[in-house]
Amino acid sequence: MTQKHRVLTGITTTGTPHLGNFVGAIGPAIEASKNPDAQAFYFLADYHALIKCQDPKRVAASRIEVAATWLALGLDTNNATFYRQSDIPEIPELTWILTCVTAKGLLNRAHAYKAAVQINEEEKEKDPDKGITMGLFSYPVLMAADILMFNASKVPVGRDQVQHIEMARDIGGRFNHIFGPTFVLPEAVVDEKTAVLSGIDGRKMSKSYDNTIPLFLPEKQLRKIIMKIKTNSQEPSEPKDPDSCTLFEIYSAFATKEEIQSLRARYAQGIGWGEMKILLFEYLNAILKDPRERYAEFMADPARIEKILLEGAQKARSVAAPFLAEIRKKTGLLPFA
Ligand code: TRP
């Protein structure tokens with residue numbers, strides 16, 4: 001039997017999951033975990049959250065919301081290993097070991113760090129590193145540890161994360177070169193087909209623009225927020241262009257080819273914006289109704305989520321702990337007798 005390849009991805013826990021996360025990441029990841037040839041490792045990147053967010057309430061709320069979301073959407077935790085990064089002490093241990101083989105110059109070139117320096121320079125700060133923590137600077141090493149710890153070969157991520165996966169390869173390769181073959185070198189998987197959704201203001205849906213549609217809003221609020229989606233000022237009965245319309249784009253991310261075709265025809269006939277918004281609300285609401293109920297059940301029972309994640313951590317550590325023991329030995333950190 002050939003060994004199953006490992007797919008691994010992390011979700012930084014700083015926000016409330018929204019429609020864009022579902023379409024772009026969570027949905028495809030749950031689908032991928034059903035592939036019998038793959039072994040999926042999915043985790044809450046809560047140590048990464050601390051880099052971006054020092055608001056404990058927000059981090060705590062996001063961790064449980066993200067966990068409940070994945071479970072409500074049907075992640076099968078018998079099949080996938082689902083855990084919190086901060087429950088795996090082997091990850092920060094490996095982070096240090098990897099830090100010692102990582103060139104500082106490599107991290108100087110990381111996009112996130114460079115962008116922060118650039119802002120300081122533009123603002124004519126005397127110190128280009130003003131306000132930049134070692135957490136932000138070392139972010140790619142922690143991420144390399146997340147991946148290399150489990151010898152993941154495929155890492156599904158968004159475009160913005162590809163450089164980090166390349167750095168994980170570099171760092172793993174460096175360790176292998178110094179201490180002998182140890183780590184599988186991972187590859188980023190960027191799915192060009194998965195939709196990038198626009199938010200209610202027409203820009204990319206993102207928590208940093210504050211334009212998201214949270215996945216599990218109560219029905220009334222979902223309706224309200226869909227009513228706020230920006231459209232142009234065309235009158236009902238005027239033919240409309242679906243391809244420049246956020247409402248159409250969101251609908252298309254969920255609908256079948258046939259449904260999309262027939263909606264196209266209605267745009268040509270001049271469907272009014274009010275009518276279209278109600279149509280979109282009803283369509284999304286039908287899809288989200290059941291998972292929303294399951295989400296509410298999970299959120300009302302944190303002990304159940306805790307138990308699932310601790311079981312996940314145990315599974316993850318049964319892989320990580322023996323591997324870390326091997327890694328330590330290679331570096332000379334071994335028992336005396
Ligand atoms: N940095 C990733 C993001 O912000 C999240 C992440 C942390 C991750 N560790 C990872 C993704 C390991 C893939 C593999 O999206």
Side-chain angles (χ1 to χ4, degrees), residues 5-18 20-30 32-33 38-53 58-59 62-63 66-67 69-70 75 80-88 90-95 98-99 102 107 110-116 133 135-172 183-191 194 196 204-209 212 312-313 316 319-320:
H5 72 269
R6 289 195 180 146
V7 185
L8 173 145
T9 198
I11 317 100
T12 307
T13 51
T14 48
T16 298
H18 55 72
N21 298 142
F22 177 39
V23 170
I26 310 173
I30 291 176
S33 74
Q39 203 184 355
F41 288 75
Y42 297 148
F43 66 96
L44 311 182
D46 49 3
Y47 277 139
H48 277 102
L50 300 187
I51 296 169
K52 297 185 190 161
C53 181
R58 174 146 170 208
V59 171
S62 175
R63 289 163 97 224
V66 172
T69 298
W70 284 66
L75 179 69
T81 305
F82 187 51
Y83 54 97
R84 286 175 294 221
Q85 185 184 34
S86 63
D87 281 337
I88 316 296
E90 289 80 9
I91 292 174
E93 283 188 53
L94 179 59
T95 302
L98 297 177
T99 300
T102 302
L107 298 184
H111 298 319
Y113 171 64
K114 275 173 55 181
T133 64
L136 178 70
F137 188 69
S138 307
Y139 181 117
V141 191
L142 176 58
M143 190 155 154
D146 289 333
I147 299 167
L148 300 174
M149 185 82 266
F150 297 98
N151 276 327
S153 54
K154 305 275 179 207
V155 185
V157 283
R159 280 233 145 273
D160 61 318
Q161 295 293 319
V162 171
Q163 187 196 36
H164 293 147
I165 313 301
E166 283 163 3
M167 289 185 166
R169 286 180 70 88
D170 267 12
I171 296 168
F183 296 115
V184 170
L185 302 185
E187 256 172 58
V189 184
V190 180
D191 189 347
T194 59
V196 176
K204 178 184 172 207
M205 190 180 292
S206 159
K207 62 191 170 217
S208 40
Y209 293 145
T212 68
V319 176

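For clarity, every value in this text was computed on a predicted model and none was experimentally measured. Just so you know, these numbers use all the heavy atoms, side chains as well, and skip hydrogens, waters and symmetry mates. Both ligands and their constituent atoms are indexed starting at 1 by order of listing.
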Sequence neighbours excluded and cut-off under 3.5 Å, please list the side-chain donor-acceptor pairs for residues 161-168, or say none.
residue	atom	partner	partner atom	Å
Gln161	OE1	His164	ND1	2.8
Gln163	OE1	His111	N	2.8
Gln163	NE2	Arg109	O	3.0

Put together the list of close N/O pairs, under 3.5 Å, between ligand 1 and the protein, could you?
residue	atom	partner	partner atom	Å
ligand 1	1 (N)	Tyr139	OH	2.6
ligand 1	1 (N)	Gln161	OE1	3.1
ligand 1	4 (O)	Thr12	OG1	3.1
ligand 1	4 (O)	Tyr139	OH	3.2
ligand 1	4 (O)	Gln161	NE2	3.4
ligand 1	9 (N)	Asp146	OD2	2.7

Arg63 with Asp46: basic N within carboxylate O range, under 4.0 Å: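 Yes.
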Report the residues that fulfil ring-ring contact (aromatic ring centres under 6.0 Å, His included) with Phe183, sequence neighbours left out, ordered by chain and then residue number.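 In terms of ring-ring contact (aromatic ring centres under 6.0 Å, His included), with neighbours along the sequence ignored, Phe183 is linked to Phe175, Phe323.
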Could you tell me whether the side chain of Arg169 and the main chain of Pro186 form a donor-acceptor pair under 3.5 Å?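 Confirmed, Arg169 side chain pairs with Pro186 backbone.
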Name each donor-acceptor pair under 3.5 Å that joins a side chain in residues 138-149 to protein atoms two or more places apart or in another chain, with its distance.
residue	atom	partner	partner atom	Å
Ser138	OG	Met134	O	2.9
Asp146	OD1	Gln85	NE2	2.9
Asp146	OD2	Gln85	NE2	3.2

Partner of Ile26 by side-chain contact (heavy atoms from CB on, under 4.5 Å), out of Thr69, Thr9, Leu75: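 Result: among Thr69, Thr9, Leu75, Thr69 is the only option passing the side-chain contact (heavy atoms from CB on, under 4.5 Å) with Ile26.
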